[in-house]
Amino acid sequence: MRSGLSRRNFFGLAALHTAAAYGLTTITAAPAKAAPAEHSPAVVIGTGYGAAVAARRLGEAGIPTLMLEMGRQWTELETGDSNPFCDMLRPDKRAMWLAERTEMPLASFLWFDINRKIDRYTGVLDRVHHGDMSVYVGRGVGGGSLVNGAMAVAPKREYFAEILPSVDAGEMYRKYFPLAETELGVNHIDPDWFETSRAYRYARVSRAHAHKAGLATTFVPSVYDFDYMRREENGEVPRSALAGEVIYGNNHGKRSLDQTYLAAALGTGNVTISTLHEVRAIERAADGGYLLTVRLLDESGETIGTRQLSTRYLFLGAGSLGSTELLLRARETGALAELPEAIGKGWGPNGNVMLGRANHVWDTTGALQSGMPALGIDAWDDPRHPVFAEIAPAPAGVELWLSVYLAITKNPERAEFSYDRSTDSARLNWRADQGEPSIASAKAMFDKLNRANKTIYRSDLFGDTRRFENRFTYHPLGGAVLGEATDLYGRVHGYPRLYVTDGALLPGSTGVNPFVTITALAERNMARVLAEDFD
Ligand code: FAE
């Protein structure tokens, strides 16, 4: 147990462990509620950042709340392996959501395919394909927090004010960003340790190259426990960040939502989580509440039943893709026909571009690399090509003479979802050419870096010969944008007591990795909704 764990989090974590031990799909800290009622006063769809904030604040306000999560619970699986997650070098069925092969962001090395065949299973990482764009998302109790790189960055205040001008930036930076950072367990790397850690040699090499090109670098806060990481390097505790664990989950060290917001939510005794429950449809009930049709899955992804649930207050926290699809389907099938035109619009990939550089033979990046980035190159104030580039690891366990980056760029292009009746799903119309402004910005920064260091791009990493990969994003944002599809607090226009609480609210870009912004905005919105919408 982490020191400083509150009593509430303790009871919530105990509930998660008990459910895991008995293979339950219902997680609750309230003994009287072993099975969720078919009616719940509040329902939250999803268990990612926005959802976890909503459920916790509802639970604390004494409102019985049911969370519905299509993925499974990952705390201590009964796999025979005491670790729930597999690592990146030895992926198995737990790696990916209902896939027969892994789909790594770095798809090849020296053009050799590095993906592996796996068994189909309700694994933790999903890559959802939409033509020219595919979107990585986390599946399971904790959503994206299970698979992400833990970088906990608040956007520059001027940029936040630019993307959400109707939100009081003063209040956000005074109150809600600090609140989110505290509750998420954000911590900072000890700069002295960073300078000596073997696991961050790769970041120091990239930093030296950036500085040689006149570019500034900055440490990035994290929700990975840096004290734990230091003990990993000293050989005192089991390794996680230093054992190639990140996109398929971390067995130790990471403060994912099941350790923080969700444990606190369950600890109120008012929140229940039902796993392997995929919400398929939302309609209006005769009493003005909402009816949900839920598909029940087994661990191989087969449908084993359906449930009908009713609620008075419905919070959508299924992520940019999930929440947008549910709303679009409801509008286009006529179930919630009055939903606004703005549903499905304003989507962007946060300008994501991945790339690699080949290092000189004397510039080794190290066989041991922390899976958790701790440094970024910050050129966001560049007037022509604003870029914030995370210095990413390539933890292969051997020297690769490779530097990898995930660049976040300021790309004004946006895409829309439309409803495809034949597949009953939302389709995104992002085109490859819309990614060109992102590539131009990343190229401007990294050309400079290469020139100064006499280095070159790698063209063997993304399955073909491209040097810049922007056919995927880690940061899907938009689809139900704040102030357009909803009011200024996430209340969906036209339908009382229906809310969006996740990354769908953000208009396609945050300029930095987004989960702190999603969390802080959800905190702000929930404070208002709880004060005004509940009797
Ligand atoms: P999200 O966390 O995606 O949660 C949505 C949840 O809803 C998921 O658990 C889904 O399984 C569930 N769901 C979806 N549809 C349904 C349905 N119909 N019924 C029931 N459940 C459903 O939403 N961000 C950072 O800030 N820093 C990082 O270092 C970082 N690294 C990343 C690395 C990777 C590999 C990935 C994939 C993402 C990364 N992100 C990072 C992005 C971050 O995780 C993401 O912005 C947030 O998780 C989005 O939060 P939401 O609340 O919108």
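First listed ligand is number 1; within each ligand, the first listed atom is number 1. Heads up: numbering here begins at 1 and tracks the sequence.
For E158, the side-chain contact (heavy atoms from CB on, under 4.5 Å) test picks out K156, with sequence neighbours left out. The side chain to side chain donor-acceptor pair (under 3.5 Å) check on N525 picks up nothing, with sequence neighbours excluded. Partners of S370 according to the side chain to side chain donor-acceptor pair (under 3.5 Å) rule, which considers only residues two or more places apart in sequence or in another chain, are Y200.
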Please produce the table of protein N or O atoms sitting under 3.5 Å from N or O atoms belonging to ligand 1, one pair a line, distance to 0.1 Å.
unit_1   : atom_1 : unit_2 : atom_2 : d
ligand 1 : 2 (O)  : G144   : N      : 2.9
ligand 1 : 9 (O)  : E69    : OE1    : 2.7
ligand 1 : 9 (O)  : E69    : OE2    : 3.2
ligand 1 : 9 (O)  : G140   : O      : 3.4
ligand 1 : 11 (O) : E69    : OE2    : 2.7
ligand 1 : 11 (O) : R139   : NH1    : 3.3
ligand 1 : 18 (N) : V279   : O      : 3.0
ligand 1 : 19 (N) : V279   : N      : 3.0
ligand 1 : 21 (N) : M70    : N      : 3.2
ligand 1 : 26 (O) : M151   : O      : 3.3
ligand 1 : 26 (O) : P514   : N      : 3.2
ligand 1 : 26 (O) : F515   : N      : 2.7
ligand 1 : 27 (N) : M151   : O      : 2.8
ligand 1 : 29 (O) : G149   : N      : 3.4
ligand 1 : 29 (O) : A150   : N      : 3.3
ligand 1 : 29 (O) : M151   : N      : 2.9
ligand 1 : 31 (N) : G149   : N      : 3.0
ligand 1 : 44 (O) : N148   : ND2    : 3.1
ligand 1 : 52 (O) : Y49    : N      : 3.1
ligand 1 : 52 (O) : G50    : N      : 3.0
ligand 1 : 53 (O) : G503   : N      : 2.9

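Residues E103 and H129 bring a donor and an acceptor atom of their side chains to less than 3.5 Å of each other.
Stacking of R528 on the aromatic ring of Y489 is recorded, both the 6.0 Å distance cut-off and the 45° axial limit being met. For the pair R524 and Y176, the cation-pi test (distance below 6.0 Å, angle within 45°) is failed.
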